[in-house]
Amino acid sequence: MSESAGAPPLLGLLLRLATQYWTDEVDAALRTAGFGDLRPAHANVFPFVPEEGIQVAELARLARVRKQSMAQSVEELERAGYVERRPDPRDRRARLVFLTGRGAALRPVGVTAGRQVERRWAELAGEDEVEALRATLQRLLAPPPGADA
(Lines give C-alpha, C1' and ligand atoms only; values in the text may rest on other atoms or scores of the structure.)
Protein backbone atom coordinates (compact mmCIF):
# COMPACT_ATOMS: atom_id res chain seq x y z
CA MET A 1 0.00 0.00 0.00
CA SER A 2 2.76 2.44 -0.82
CA GLU A 3 2.22 5.40 -3.13
CA SER A 4 5.72 6.79 -2.77
CA ALA A 5 8.54 6.02 -0.41
CA GLY A 6 7.80 7.32 3.06
CA ALA A 7 4.47 8.98 2.26
CA PRO A 8 1.52 7.77 4.33
CA PRO A 9 -1.35 6.23 2.37
CA LEU A 10 -4.11 8.64 1.41
CA LEU A 11 -7.11 8.60 3.73
CA GLY A 12 -9.42 7.99 0.76
CA LEU A 13 -7.60 4.75 -0.03
CA LEU A 14 -7.76 3.59 3.58
CA LEU A 15 -11.47 4.47 3.81
CA ARG A 16 -12.19 2.61 0.57
CA LEU A 17 -10.35 -0.49 1.80
CA ALA A 18 -12.12 -0.36 5.18
CA THR A 19 -15.45 0.04 3.39
CA GLN A 20 -14.66 -2.93 1.14
CA TYR A 21 -13.83 -5.08 4.17
CA TRP A 22 -17.06 -3.98 5.89
CA THR A 23 -19.10 -4.63 2.73
CA ASP A 24 -17.61 -8.09 2.22
CA GLU A 25 -18.44 -9.12 5.80
CA VAL A 26 -22.01 -7.78 5.68
CA ASP A 27 -22.61 -9.29 2.22
CA ALA A 28 -21.43 -12.70 3.45
CA ALA A 29 -23.82 -12.55 6.41
CA LEU A 30 -26.70 -11.49 4.14
CA ARG A 31 -26.01 -14.34 1.68
CA THR A 32 -25.92 -16.83 4.55
CA ALA A 33 -29.29 -15.50 5.78
CA GLY A 34 -30.88 -15.94 2.33
CA PHE A 35 -30.47 -12.41 0.98
CA GLY A 36 -28.02 -13.27 -1.79
CA ASP A 37 -29.80 -11.30 -4.52
CA LEU A 38 -28.55 -7.88 -3.44
CA ARG A 39 -25.99 -5.63 -5.12
CA PRO A 40 -23.69 -3.19 -3.28
CA ALA A 41 -25.71 -0.21 -4.57
CA HIS A 42 -28.75 -1.55 -2.70
CA ALA A 43 -26.99 -0.77 0.58
CA ASN A 44 -27.73 2.91 -0.18
CA VAL A 45 -31.44 2.27 0.34
CA PHE A 46 -32.08 0.23 3.49
CA PRO A 47 -30.55 2.48 6.17
CA PHE A 48 -32.57 5.49 5.06
CA VAL A 49 -36.14 4.15 4.67
CA PRO A 50 -38.21 5.23 7.69
CA GLU A 51 -41.39 3.46 8.74
CA GLU A 52 -43.51 6.30 7.33
CA GLY A 53 -41.87 5.95 3.89
CA ILE A 54 -39.68 8.31 1.89
CA GLN A 55 -39.50 9.77 -1.60
CA VAL A 56 -36.71 8.62 -3.93
CA ALA A 57 -35.27 12.14 -4.18
CA GLU A 58 -34.90 12.33 -0.40
CA LEU A 59 -33.36 8.83 -0.30
CA ALA A 60 -30.82 9.96 -2.89
CA ARG A 61 -29.99 13.10 -0.90
CA LEU A 62 -29.48 11.16 2.34
CA ALA A 63 -27.36 8.47 0.65
CA ARG A 64 -25.43 11.11 -1.33
CA VAL A 65 -26.06 9.43 -4.68
CA ARG A 66 -27.70 10.64 -7.89
CA LYS A 67 -31.48 10.47 -8.03
CA GLN A 68 -31.29 8.28 -11.15
CA SER A 69 -29.03 5.78 -9.36
CA MET A 70 -31.38 5.64 -6.39
CA ALA A 71 -34.43 5.22 -8.64
CA GLN A 72 -32.74 2.26 -10.34
CA SER A 73 -31.88 0.63 -6.99
CA VAL A 74 -35.45 1.13 -5.75
CA GLU A 75 -36.87 -0.41 -8.94
CA GLU A 76 -34.60 -3.44 -8.59
CA LEU A 77 -35.47 -3.84 -4.91
CA GLU A 78 -39.17 -3.52 -5.67
CA ARG A 79 -38.94 -6.31 -8.27
CA ALA A 80 -37.07 -8.46 -5.72
CA GLY A 81 -39.73 -7.85 -3.04
CA TYR A 82 -37.68 -5.76 -0.59
CA VAL A 83 -39.51 -2.44 -1.03
CA GLU A 84 -42.83 -1.21 -2.32
CA ARG A 85 -43.93 2.19 -3.56
CA ARG A 86 -47.24 3.79 -2.62
CA PRO A 87 -48.78 7.18 -3.32
CA ASP A 88 -47.67 9.95 -0.96
CA PRO A 89 -50.80 11.05 0.97
CA ARG A 90 -49.41 14.62 1.13
CA ASP A 91 -48.69 14.79 -2.62
CA ARG A 92 -50.65 12.34 -4.77
CA ARG A 93 -48.27 12.90 -7.70
CA ALA A 94 -45.34 11.60 -5.65
CA ARG A 95 -44.70 8.09 -4.40
CA LEU A 96 -43.15 6.91 -1.15
CA VAL A 97 -40.80 3.96 -0.72
CA PHE A 98 -41.55 1.52 2.12
CA LEU A 99 -39.75 -1.63 3.23
CA THR A 100 -41.72 -4.84 2.82
CA GLY A 101 -41.54 -7.60 5.41
CA ARG A 102 -38.59 -9.07 3.50
CA GLY A 103 -36.84 -5.69 3.45
CA ALA A 104 -37.41 -5.17 7.17
CA ALA A 105 -36.10 -8.69 7.90
CA LEU A 106 -32.82 -7.85 6.18
CA ARG A 107 -31.99 -4.91 8.47
CA PRO A 108 -31.13 -6.80 11.67
CA VAL A 109 -28.88 -9.20 9.74
CA GLY A 110 -26.90 -6.30 8.29
CA VAL A 111 -26.74 -4.45 11.62
CA THR A 112 -25.53 -7.56 13.46
CA ALA A 113 -22.82 -8.21 10.85
CA GLY A 114 -21.74 -4.55 11.02
CA ARG A 115 -21.51 -4.69 14.81
CA GLN A 116 -19.34 -7.82 14.54
CA VAL A 117 -16.93 -5.90 12.30
CA GLU A 118 -16.86 -3.05 14.81
CA ARG A 119 -16.14 -5.49 17.66
CA ARG A 120 -13.28 -6.98 15.65
CA TRP A 121 -11.86 -3.52 15.00
CA ALA A 122 -12.25 -2.60 18.68
CA GLU A 123 -10.27 -5.72 19.62
CA LEU A 124 -7.48 -4.63 17.28
CA ALA A 125 -7.43 -0.88 17.87
CA GLY A 126 -9.28 -0.43 21.15
CA GLU A 127 -12.84 0.63 21.81
CA ASP A 128 -11.85 4.25 22.47
CA GLU A 129 -10.14 4.52 19.07
CA VAL A 130 -13.12 3.05 17.23
CA GLU A 131 -15.45 5.51 18.98
CA ALA A 132 -13.05 8.37 18.20
CA LEU A 133 -13.04 7.29 14.55
CA ARG A 134 -16.86 7.22 14.52
CA ALA A 135 -17.03 10.72 16.03
CA THR A 136 -14.43 12.07 13.59
CA LEU A 137 -16.21 10.61 10.57
CA GLN A 138 -19.53 12.05 11.76
CA ARG A 139 -17.91 15.50 12.02
CA LEU A 140 -16.27 15.16 8.60
CA LEU A 141 -19.55 14.09 6.97
CA ALA A 142 -21.76 16.69 8.67
CA PRO A 143 -23.07 19.46 6.43
CA PRO A 144 -21.18 22.72 6.82
CA PRO A 145 -22.80 25.33 9.07
CA GLY A 146 -25.53 27.15 7.21
CA ALA A 147 -25.91 24.43 4.57
CA ASP A 148 -29.31 22.85 4.00
CA ALA A 149 -29.41 19.74 6.17
Side-chain angles (χ1 to χ4, degrees), residues 1-4 6-33 35-78 80 82-86 88 90-91 94-100 102-149:
M1 224 185 337
S2 110
E3 295 167 29
S4 63
L10 291 172
L11 286 174
L13 172 63
L14 295 174
L15 290 168
R16 187 191 66 74
L17 293 172
T19 298
Q20 188 61 51
Y21 175 81
W22 179 284
T23 300
D24 290 347
E25 294 294 308
V26 172
D27 285 349
L30 291 172
R31 277 192 308 279
T32 299
F35 301 107
D37 55 345
L38 298 171
R39 294 186 312 106
H42 298 152
N44 289 323
V45 177
F46 294 99
F48 303 108
V49 178
E51 192 173 311
E52 65 274 8
I54 188 168
Q55 291 185 12
V56 168
E58 181 63 7
L59 267 175
R61 186 188 71 76
L62 292 171
R64 297 181 181 189
V65 299
R66 290 185 349 222
K67 184 179 173 186
Q68 295 84 353
S69 299
M70 182 58 73
Q72 180 180 351
S73 291
V74 167
E75 286 174 24
E76 292 169 358
L77 290 169
E78 188 173 31
Y82 290 100
V83 302
E84 63 183 357
R85 289 184 278 188
R86 298 184 227 142
D88 185 337
R90 295 176 306 269
D91 177 0
R95 298 181 70 177
L96 296 176
V97 177
F98 294 86
L99 294 180
T100 62
R102 181 165 170 75
L106 176 142
R107 270 187 171 159
V109 176
V111 168
T112 298
R115 286 192 177 131
Q116 287 174 340
V117 172
E118 287 186 14
R119 278 194 296 277
R120 219 169 300 133
W121 288 350
E123 289 170 5
L124 293 170
E127 217 170 294
D128 290 345
E129 285 197 42
V130 170
E131 288 309 314
L133 174 61
R134 183 188 326 277
T136 299
L137 290 172
Q138 287 175 317
R139 281 194 309 277
L140 292 173
L141 294 172
D148 291 342

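What you see is a predicted model, and the numbers here were worked out from it, not measured in a lab.
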As an exercise, state the distance from [atom1] of [X] to [atom2] of [Y], rounded to the nearest 0.5 Å.
X     : Y     : atom1 : atom2 : answer
Leu77 : Phe46 : CG    : CZ    : 4.5 Å
Glu78 : Glu75 : CD    : CD    : 8.0 Å
Arg39 : Asp27 : CZ    : CG    : 11.5 Å
Leu30 : His42 : CG    : NE2   : 12.0 Å
Glu25 : Gln20 : CD    : CD    : 11.0 Å

How about [atom1] on [X], more than 12 heavy atoms from neighbouring residues, nucleotides or ligands closer than 6.0 Å, or not?
X      : atom1 : answer
Glu127 : CD    : no
Leu11  : CG    : no
Glu51  : CD    : no
Asp128 : CG    : no

Side chain to side chain, [X] and [Y], heavy atoms closer than 4.5 Å:
X     : Y      : value
Glu84 : Leu99  : no
Leu15 : Leu10  : no
Lys67 : Leu59  : no
Gln55 : Val97  : no
Tyr82 : Leu106 : yes
Phe35 : Val109 : yes
Tyr21 : Val26  : no

For the student: nearest non-hydrogen atoms of [X] and [Y], plus distance:
X      : Y      : result
Ala29  : Ala113 : CB-CB, 3.6 Å
Ala104 : Pro108 : O-CD, 3.2 Å
Val74  : Val83  : O-CG2, 3.7 Å
Pro9   : Leu13  : CB-CD2, 4.4 Å

Assess whether side chain to side chain contact (heavy atoms under 4.5 Å, CB included) is satisfied between Asn44 and Met70, documenting all intermediate values.
CA-CA 8 Å; Asn44 289 323; Met70 182 58 73; 4.0 Å; yes

Has the side chain of Thr136 got a donor or acceptor atom that lies under 3.5 Å from a matching backbone atom of Ala132?
yes

Kindly say whether Arg85 contributes a backbone atom to a donor-acceptor pair with the side chain of Arg95 at under 3.5 angstrom?
yes

What's the verdict on salt bridge (charged side-chain N to carboxylate O under 4.0 Å, His left out) for Arg61 and Glu58, showing C-alpha distance, side-chain angles and the deciding distance?
CA-CA 5 Å; Arg61 186 188 71 76; Glu58 181 63 7; 2.7 Å; yes

List the steps and the verdict of side chain to side chain contact (heavy atoms under 4.5 Å, CB included) for Leu96 and Val56.
CA-CA 7 Å; Leu96 296 176; Val56 168; over 6 Å; no

With Arg86 as the cation and Phe98 as the aromatic partner, state whether NZ or CZ is under 6.0 Å from the six-membered ring centre and within 45° of the axis.
yes

Report the C-alpha distance between Asp37 and Arg102 in whole Å, list the side-chain angles of each, state the deciding distance to 0.1 Å, and finish with yes or no for salt bridge (charged side-chain N to carboxylate O under 4.0 Å, His left out).
CA-CA 12 Å; Asp37 55 345; Arg102 181 165 170 75; 3.7 Å; yes

Side chains of Gln68 and Gln72, donor plus acceptor under 3.5 Å:
no

Return yes if a side-chain donor-acceptor contact under 3.5 Å exists between Thr19 and Arg16, otherwise no.
no

Applying salt bridge (charged side-chain N to carboxylate O under 4.0 Å, His left out), run through Glu123 and Arg120 and close with a yes or a no.
CA-CA 5 Å; Glu123 289 170 5; Arg120 219 169 300 133; over 6 Å; no

